[in-house]
Amino acid sequence: MLLPNFCKSFIIKIYLIKMAEEEKQYDFLAIEKKWQKFWEEEKTFLAEDNSEKEKFYALDMFPYPSGAGLHIGHPEGYVASDILARYKKACGFNVLHPMGWDAFGLPAEQYAIKTGTHPSVTTQANVDNFRRQIKSIGFAIDWDREINTTDPNYYKWTQWIFLKLFQRGLAYVAEKPVWWCPNLLAVLANEEVVDGKSEVGGHPVERRNLRQVVLRITAYAEKLIAGLDELDWPNSTKRQQKAWIGRSEGAEVQFVIEGADEALKVYTTRPDTLYGATYMVVAPEHPLLDKLVIPENENEVKAYIQAAAKKSDLDRTDLAKDKSGVFTGSYCLHPLSGEKVPVWVADYVLITYGTGAIMAVPAHDERDFEFAEKFAIPIKRVIARVDGDEEKSKLPYSGSGIMVNSADYDGLEADKCKAQIISDLEAKEIGKGAVNYKLRDWIFSRQRYWGEPIPLVWVSREDFEKAKMTEGAIRDLLPEEPVTSDKDGVTLYALPIPASELPLKLPEVEKYQPSGTGESPLATIPDWLNIWYDLATGLAISQNEAKPNGENWVSATRETNTMPQWAGSCWYHLRYLDPNNTEHLVDPEKEEYWGGPDFYIGGAEHAVLHLLYARFWHRFLHDEGVLAHPEPYKKLFHQGLILGEDGNKMSKSVGNVVSPDVVINAYGADSLRLFEMFLGPLEAVKPWSEKGIEGVHRFLKKVFREANSAHKHLVGEEKNPETLRLLHETILKVTESIEDLRFNVAISQMMILANHLQKVESFSIETIKTLLQLLAPLAPHLSEELWEKVGGTPSIVNQAWPQARKELLVSDEITIVFQVNGKLRGESKFSKEATKEEIISKAKEHEKVLAFTTGKEIVKEIYVPGKLVNLAVKG
RNA sequence: GCCCGAGUGGCGGAAUGGUAGACGCUGCGGACUUAAAAUCCGUUGCCAGUAAUGGCGUGAGGGUUCAAGUCCCUCCUCGGGCACCA
């Protein structure tokens with residue numbers, strides 16, 4: 001019994017010794033720590049502001065520092081941008097690769113509500129953890145430019161941009177529907193509402209109109225569409241933005257209400273179907289509805305309006321498979337035929353789009369058709385297919401064709417007739433050409449604590465009029481149209497907190513709970529809310545102090561809403577250029593030099609919101625003369641999701657989440673970086689694989705061994721022609737692949753070279769040095785370590801990027817493959833000088849080719865120079 | 001319903017219209033070792049055959065071409081986006 005135990009422990013001891021040796025061989029943890037320290041101390045990745053060099057700015061969508069820490073998906077994009085950053089640096093560019101924190105947001109606030117911990121405390125802890133994790137992956141980040149959206153020195157400028165928008169009339173206040181939970185007494189964000197219930201507690205929620213600050217993004221609709229053309233973005237993302245903005249062209253037509261002086265305005269994209277309008281529909285919220293309803297129908301219509309008001313957006317759209325509506329009892333007169341057209345109210349017409357009323361053409365619109373069938377309303381065809389194809393011209397028919405039943409327009413081509421009809425309507429002053437957008441204005445306020453305070457105060461009409469007349473900073477900041485809001489039946493007027501008084505900091509608060517009234521927790525702090533405000537200078541002090549002397553001091557209340565999380569991320573790409581500037585958002589000279597990111601990478605889930613909002617702000621600041629460039633992100637890329645090993649989306653509840661910390665401990669950051677890129681195309685959705693990472697780890701160990709095998713190293717240029725050729729093939733392919741963001745292909749090629757170096761007896765030390773340079777952007781720690789080992793001076797990124805000698809890739813001997821009818825039948829080697837005739841006749845004589853050609857007629861001979869011969873045979 | 005994108009071995013994936021399956025993983029066989037780990041060598045699309053070799057093969061069906069994973073048409077499946085926007 002003793003002996004086996006003794007043997008066992010002896011074996012374990014030997015194993016441990018061997019393990020220690022192995023670790024000494026490629027001790028990635030020590031190597032990575034060493035070089036991360038080196039980069040930090042040497043400030044290797046400092047971006048220079050006044051450089052003569054050409055710039056390259058690589059930007060990642062900055063993370064929200066959650067409590068859960070980084071997961072394996074985060075670094076995918078960061079690694080990609082880092083590879084580019086390091087590659088461009090080696091190519092001689094002045095590179096900026098920054099990192100920061102999008103740190104306002106719900107989770108910290110929810111945690112605060114639960115525990116009473118100030119969100120800034122939670123945020124700080126999370127940021128520290130994220131920074132630690134990101135640093136452990138060894139990115140070429142200029143940490144001197146780190147930013148944080150919750151830092152008052154940062155959000156001072158977020159507020160400053162808001163003031164500009166306010167000044168230009170692009171901000172207003174309106175009642176807008178938001179999710180309201182009567183049980184929680186709180187406004188909920190979309191993501192807090194799951195299946196019509198609150199995510200917390202599962203309480204029912206409803207749409208409720210609440211006072212909101214709104215940004216007029218619709219004023220930029222045209223510019224946002226036009227700007228897309230110049231962007232190097234994924235087509236799908238451009239298309240999504242275009243669809244989101246949803247521009248359509250058509251006409252606004254007036255239908256006079258029978259027996260009234262007024263007309264009902266409708267919007268249509270199909271003025272050519274005007275004669276097919278057999279009824280009209282107004283939205284339940286339409287302002288003229290009251291006048292349209294005849295007394296006999298009043299009860300029914302009222303009931304319908306009430307029912308519609310109770311429906312959520314979801315019920316009114318998705319789930320409302322069946323059309324509903326009620327006849328108002330009124331008629332309009334058709335603008336061209338003068339016929340009576342009944343007016344209905346139905347909730348399939350939205351008050352928020354167009355004029356909130358439509359002319360219904362059931363013959364040529366699916367929705368109207370469905371409605372007309374249900375309520376037995378006449379259906380009148382006015383477009384006929386030219387080819388008379390009965391199947392395809394079945395009603396409802398929305399295609400093109402020839403106009404019929406349309407009086408003077410009969411026989412004309414419908415598409416071409418649109419403009420004709422519009423101009424005819426214009427001549428009669430009963431219509432005009434019109435453009436509409438699906439894009440809605442941006443609800444910019446949140447009834448939350450943990451966000452940027454909106455720098456507005458509210459005063460009475462008298463005080464507002466006085467402010468307009470008072471010389472000083474405030475008067476100049478006012479928009480042409482005053483921003484107003486009704487509170488308890490009194491109209492209040494908005495005045496700004498001027499730039500000189502920014503940042504308007506978040507006050508301390510005792511409770512983070514919502515106020516219960518649908519206002520933010522800030523509304524519960526009277527000391528902060530009620531102020532004395534100087535109409536000339538914008539100075540403000542709490543009303544718990546005595547009113548200061550001076551005629552310009554008035555009583556005011558602060559705006560209590562805060563900004564949405566999007567605000568800080570709308571312009572962060574600018575702040576990296578000049579993170580500590582106290583005078584400007586960004587120094588114009590620096591903005592001129594750096595411009596926008598040359599490469600921007602992040603998830604496709606931001607295709608519309610973040611990327612559209614940021615473009616809006618950037619374009620606005622450009623129009624204001626603050627920025628030299630109109631568009632923020634010239635080149636955009638979306639990395640694909642990394643799934644769990646089981647092929648499912650990584651999630652805590654499924655338990656398939658992989659933490660980078662664990663992977664780094666087991667294989668090192670270089671293996672992690674390399675494997676995330678080796679997994680597949682950057683844009684593809686792909687599953688993680690524990691086994692797979694061992695493959696790239698093995699490759700790194702191989703490089704490590706070959707770089708350390710001093711006995712195989714030769715001085716001077718590479719003598720082995722095969723090695724030399726492969727080396728330059730690798731330089732070419734790796735360079736091209738990095739430029740094309742095809743890092744998986746670059747890695748494959750380096751594996752091929754490493755496998756070759758392992759097989760040959762010796763190779764030049766220059767060869768391994770070049771390989772290390774190629775590898776450096778992808779696996780920077782190991783490359784630095786080995787570069788130093790083979791006699792290079794760190795840092796390896798300061799070495800000029802290797803240039804491929806293309807002349808080496810053309811060999812004297814070429815291999816030509818022989819095909820018969822496109823199928824491979826043989827191959828042969830020829831000298832570079834061999835003629836077409838020589839090669840073809842050799843092909844015909846080839847034994848295996850003969851087997852497929854004898855007894856048959858060669859009808860065609862194809863020769864692709866340097867590649868192949870294809871003989872087409874018959875019979 | 002509409003608009004995109006993608007379907008290639010057991011798996012992740014390579015292939016300017018020109019040798020399909022590079023590279024990696026897995027499996028199998030072997031070397032080294034007392035043994036293991038590590039490392040290395042060979043092999044690994046399917047079918048037939050001891051083999052040489054032949055046939056089939058890139059979601060399905062058609063087409064263009066001397067030649068198609070790649071281009072065109074129709075369809076299927078999966079993924080993403082939009083969804084009563086007149």
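Note that the coordinates shown come from a computational prediction; the quantities given were computed from them, not determined experimentally. Residue numbers begin at 1 in each chain, while the letters A, B, ... track the order of the sequences.
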Could you pull out all donor-acceptor pairs under 3.5 Å where a side-chain atom in residues 244-255 of chain A meets a protein atom, sequence neighbours excluded?
unit_1   : atom_1 : unit_2   : atom_2 : d
A:Arg247 : NE     : A:Glu222 : OE2    : 2.6
A:Arg247 : NH1    : A:Glu249 : OE2    : 2.7
A:Arg247 : NH2    : A:Glu222 : OE2    : 3.4
A:Ser248 : OG     : A:Tyr267 : OH     : 2.7
A:Ser248 : OG     : A:Tyr353 : OH     : 3.2

Nearest-Å distance for atom pair CH2/C1', residues A:Trp244 and B:C3: 15 Å
Those residues that, when tested against A:Asp368, pass side-chain contact (heavy atoms from CB on, under 4.5 Å) (two or more places apart): A:Tyr279, A:Tyr348, A:Ile358, A:Ala360, A:Pro362, A:Asp365
Show the atom names and distances, to 0.1 Å, of all donor-acceptor pairs under 3.5 Å that link a side chain in residues 680-690 of chain A to residues at least two apart or in another chain.
unit_1   : atom_1 : unit_2   : atom_2 : d
A:Lys686 : NZ     : A:Glu76  : OE2    : 2.6
A:Lys686 : NZ     : A:Pro681 : O      : 2.7
A:Lys686 : NZ     : A:Leu682 : O      : 3.1
A:Lys686 : NZ     : A:Ala684 : O      : 3.1
A:Ser689 : OG     : A:Lys691 : N      : 3.4
A:Ser689 : OG     : A:Gly692 : N      : 2.8
A:Glu690 : OE2    : A:Tyr667 : OH     : 3.1

Separation of the C1' atoms in B:G55 and B:C73, to the nearest angstrom: 29 Å
Length of the line joining A:Lys701:NZ and B:A38:P, which is rounded to integer Å: 7 Å
Could you go through nucleotides 22-30 of chain B and list every protein N or O atom that sits under 3.5 Å from one of its N or O atoms, giving the distance for each pair?
unit_1 : atom_1 : unit_2   : atom_2 : d
B:A22  : N1     : A:Ser748 : OG     : 3.4
B:G24  : OP1    : A:Asn755 : ND2    : 3.0
B:C25  : OP1    : A:Arg698 : NH1    : 2.7

Euclidean distance, atom CG of residue A:Asp365 to atom C1' of B:G1 [Å, nearest integer]: 13 Å
Contacts of A:Glu861 that satisfy side-chain hydrogen bond (donor to acceptor under 3.5 Å, both in side chains) - sequence neighbours left out: A:Lys844
Polar atoms only, N or O, under 3.5 Å: list the protein pairs with nucleotides 44-46 of chain B and their distances.
none

Which residues share a salt bridge (charged side-chain N to carboxylate O under 4.0 Å, His left out) with A:Glu694, sequence neighbours left out: A:Arg698
For A:Asn648, all residues meeting side-chain contact (heavy atoms from CB on, under 4.5 Å), sequence neighbours excluded: A:Asp646, A:Asn656
A:Lys712/A:Glu761 ion pair, N-O < 4.0 Å: no
Can you check nucleotides 50-55 of chain B for protein contacts, nitrogen or oxygen pairs under 3.5 Å, and list what you find?
unit_1 : atom_1 : unit_2   : atom_2 : d
B:U53  : OP1    : A:Lys848 : NZ     : 3.4
B:G55  : OP1    : A:Arg825 : NH2    : 3.4
B:G55  : OP2    : A:Arg825 : NH1    : 3.1

Enclosure of A:Lys374 NZ (heavy-atom neighbours >12, cutoff 6.0 Å): yes
Test item: side-chain donor near acceptor, A:Glu827 and A:Thr815, under 3.5 Å: no
Step-by-step salt bridge (charged side-chain N to carboxylate O under 4.0 Å, His left out) determination, A:Glu729 to A:Arg725: CA-CA 6 Å; A:Glu729 216 175 284; A:Arg725 187 194 153 101; 3.8 Å; yes
All ring-ring contact (aromatic ring centres under 6.0 Å, His included) counterparts of A:Phe763, not counting sequence neighbours: A:His713
A:Glu366 atom CD, neighbour heavy-atom count above 12 within 6.0 Å: no
Salt bridge (charged side-chain N to carboxylate O under 4.0 Å, His left out) against A:Lys842, all qualifying residues, sequence neighbours excluded: none
Residues in contact with RNA chain B, drawn from residues 864-872 of chain A - heavy-atom cutoff 4.0 Å: A:Val864, A:Lys867, A:Leu868, A:Asn870, A:Ala872
Separation of atom CE in A:Met359 from atom P in B:A86, rounded to whole Å: 12 Å
